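Single-structure report; data block below.
Atoms within each ligand, like the ligands themselves, are counted from 1 in listed order. Just so we're clear, the structure is a prediction, and the values are computed from it rather than from any experiment.
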Amino acid sequence: MSFASLPVINLKSNPDDIRQTLLLASTTTGFFYVSNHELNSLQNQMFSMAKEFFYLPLYEKLLYVSNPTSYDGYIRIGRENLDSTNLKLIDEKEAFKMRESALNRKDKLPNIFSHEENFKIIEQFFRQCYDLCMHLFQYLAETFQIDKDYFTSRHKWNQKPGVAIKLLHYPPINQIEQNTNVIRAGAHSDYGSLTLLFQHDNKSGLEVFDRLKNCWYPVEARNDMIVVNFGDVFEYWTKGMIKSTIHRVILPNNINEQNQSRFSIAFFCVPNGDTLLTPIPSKLIENYIYTKDEHAKHVFNDNDGHVLTAGEHLQMRLSKTHQY
Ligand SMILES: O=C(O)CCC(=O)C(=O)O
Ligand SMILES: [Fe+2]
């Protein structure tokens, strides 16, 4: 398993192979590709919709601006800066975030998303991303020799804070003011349990950080494969055995790509809010020697003995990266 070429989980391969690759990927790179999934056409429809939204004039997008209680809605450039260790670094991206509860408040969504056909696509996309995560969780539970429903029972659909979709647009960099300290998405780990990342038009820029070698590796953008990564929750649940790998999106150095937008879509799977971030009851974890990792400072900060819940952790991380 290497960061230079991320492992691939072929969903149509045999379950033993899937379990084995999943265990290796989760404990080494924390990132892998999923091939042979069934989200291709939905994903393309989601990208068309996202483009239509981001090309609206700013004043229209601002009608749906996100707020510090829910963090849902439109996030304008500079308002979410993912590297919370470098407050001067600005993320040149705009985003639109919807939690699954947005599906119950259709009238509050921009017309592009509430329009009947598009709304159906969003619903299906939510559901299929969620089902894919649950499927991977069952394999993972088997790998760790715990109850098959251990993870899925902590991710009940329709419970707070709820899974979320984030549409992302990174504008062409010739539109960026000179002399500013910018990146497309600052270095960060994800806050939930699992993230599905859909890339588009083969636009590169995503990089993953190898803690052992202390260097960054590019992740090839593949339209046909989903990039999947583990978030902080699994790092807590497994005493650091599963890695919540740090990643970022850099500005392109290729002049062609500099003049173009980059679009991506993230699906964030998060456990139900009251889920405790205590180690899973697996023999593999019991025997695992917990080493406090310098790169997991964001995860293992001192909580004075208080056991965090997934909801508290999420809120804490969100409040550090959003400016209002
Ligand atoms: O746009 C990308 O490729 C990555 C985005 C990301 O990592 C995030 O929003 O958490
Ligand atoms: Fe991320």
Report the part of [X] (side chain from C-beta onward, or backbone N, CA, C, O) that has a heavy atom under 4.0 Å from ligand 1; answer both or neither where that applies.
X: Arg184; answer: neither
X: Thr195; answer: neither
X: Ala185; answer: neither

Checking side chain to side chain contact (heavy atoms under 4.5 Å, CB included) for the pair Thr309/Leu277: CA distance, chi angles, key distance, verdict?
CA-CA 6 Å; Thr309 63; Leu277 298 183; 5.9 Å; no
Kindly indicate whether a cation-pi arrangement holds for Arg127 with Phe125, taking the cut-offs as under 6.0 Å to the six-membered ring centre and within 45° of the axis.
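Because its charged atom misses either the 6.0 Å distance or the 45° angle limit, Arg127 does not stack over Phe125.
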Here's one to test your reading of the geometry: is the NZ or CZ of Lys51 within 45 degrees of the ring axis of Phe263 and under 6.0 Å from its centre?
yes
Can you tell which of His200, Gln199, Glu92 makes a side-chain hydrogen bond (donor to acceptor under 3.5 Å, both in side chains) with Arg262?
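By the side-chain hydrogen bond (donor to acceptor under 3.5 Å, both in side chains) criterion, Arg262 pairs with just one of His200, Gln199, Glu92: Gln199.
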Under 6.0 Å between ring centres: does that hold for Tyr139 and Phe151?
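Ring-ring flag for Tyr139/Phe151: false, centres at least 6.0 Å apart.
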Near-ring test His313/Tyr236, centroid separation under 6.0 angstrom
yes
Taking only non-hydrogen atoms of His188, do any sit less than 4.0 angstrom from ligand 1?
yes
Hey, does Lys93 sit under 4.0 Å from ligand 1 if you only count heavy atoms?
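Outside the 4.0 Å threshold, so no.
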Under a 4.0 Å N-O cut-off, is there an ion pair linking Lys160 with Glu100?
no
When you draw lines from the Fe ion (ligand 2) to OD1 of Asp190 and to NE2 of His188, what angle lies between them, to the nearest 10°?
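OD1 of Asp190 and NE2 of His188 make an angle of 90° at the Fe ion (ligand 2), to the nearest 10°.
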Using a strict 4.0 Å cut-off to heavy atoms of His247, name the atoms of ligand 1 that fall inside it.
7 (O)
Val249 heavy atoms, cut-off 4.0 Å: which ligand 1 atoms fall inside?
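Reading through ligand 1 atom by atom, the close ones are 1 (O), 2 (C), 3 (O), 4 (C).
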Among all the protein's non-hydrogen atoms, which is closest to atom 5 (C) of ligand 1, and how far away is it?
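Checking every protein heavy atom, the shortest distance to atom 5 (C) of ligand 1 gives Tyr170 OH, 3.6 Å.
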Give the residue, atom name and distance (to 0.1 Å) of the protein heavy atom nearest atom 9 (O) of ligand 1.
Lys166 NZ, 3.3 Å
